[in-house]
Amino acid sequence: MHAFDILGDPVRRRILELLAAGDLTSGEMVETISAEFGIRQPAVSMQLKVLREHGFATVRPDGTRRIYSIDTGPMVEVDAWLNQFRHFWTQHLDALDTEIRRGRRKGSTGG
């Protein structure tokens, strides 16, 4: 399965967003995902399994809890693919930065 097939699912994307902020227990994720998407624990567990099996997340036991972490390895593939398009927005962002800096200079000089 390609990385974008994994990222195409909004539940899996949200789980990765949560994990990007730090490690979470499966219970914490189930609570958040259930509230946001209205799905139950078995469905969340299935999405976590997909993320684990495709290298996007790792899990480690902590007593009776399972702690999930993000694994950034597959993001390298995503970043490499996006790199071919990066120039489309980089020029625009550079131009925006220039305009913001000009505006700040004018504001500070009273011009």
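Everything quoted here is computed from the prediction, not taken from an experiment.
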H54/F56 under ring-ring contact (aromatic ring centres under 6.0 Å, His included): CA gap, chis, key distance, verdict: CA-CA 6 Å; H54 291 90; F56 283 85; 7.7 Å; no
Under the side chain to side chain contact (heavy atoms under 4.5 Å, CB included) test, residues paired with S45 that sit two or more places apart: Q41
Set of side chain to side chain donor-acceptor pair (under 3.5 Å) partners for R60, sequence neighbours left out: D23, S69
D79 bridged to R86 by N-O distance under 4.0 Å: yes
Donor-acceptor contact below 3.5 Å, side chain R13 vs main chain G8: yes
Spacing of T72 atom OG1 and L16 atom CG [to the nearest 0.5 Å]: 11.0 Å
More than 12 heavy atoms from other groups under 6.0 Å of CZ on R52: yes
Residue pair P74 / A3: nearest heavy atoms and the distance that separates them: O-CB, 4.3 Å
Joint cluster assignment, V78 & F85, ILVMFWY side-chain distance < 4.5 Å: yes
Nearest heavy-atom neighbours spanning R12 and I6: NE-O, 2.9 Å
Separation of E28 CD from L18 CG (nearest 0.5 Å): 10.0 Å
Backbone N/O of S26 and side chain of R66: donor-acceptor pair under 3.5 Å: no
Same apolar cluster: I15 and M46, side chain cutoff 4.5 Å: no
Atom CD of E53: over 12 foreign heavy atoms under 6.0 Å: yes
Shared hydrophobic cluster for I39 and L24 (ILVMFWY, side-chain gaps under 4.5 Å): yes
Test item: V59 and Y68 side chains (from C-beta on) under 4.5 Å apart, heavy atoms: yes
Close side-chain approach of V44 to V11, heavy-atom, < 4.5 Å: no
D9 CG to Q47 CD distance, which is reported to the nearest 0.5 Å: 4.5 Å
Closest non-hydrogen atom pair between A57 and L19, with its separation: CB-CD1, 4.2 Å
Geometric class of the H2/F4 ring pair [parallel <30°, tilted 30-60°, perpendicular >60°]: parallel
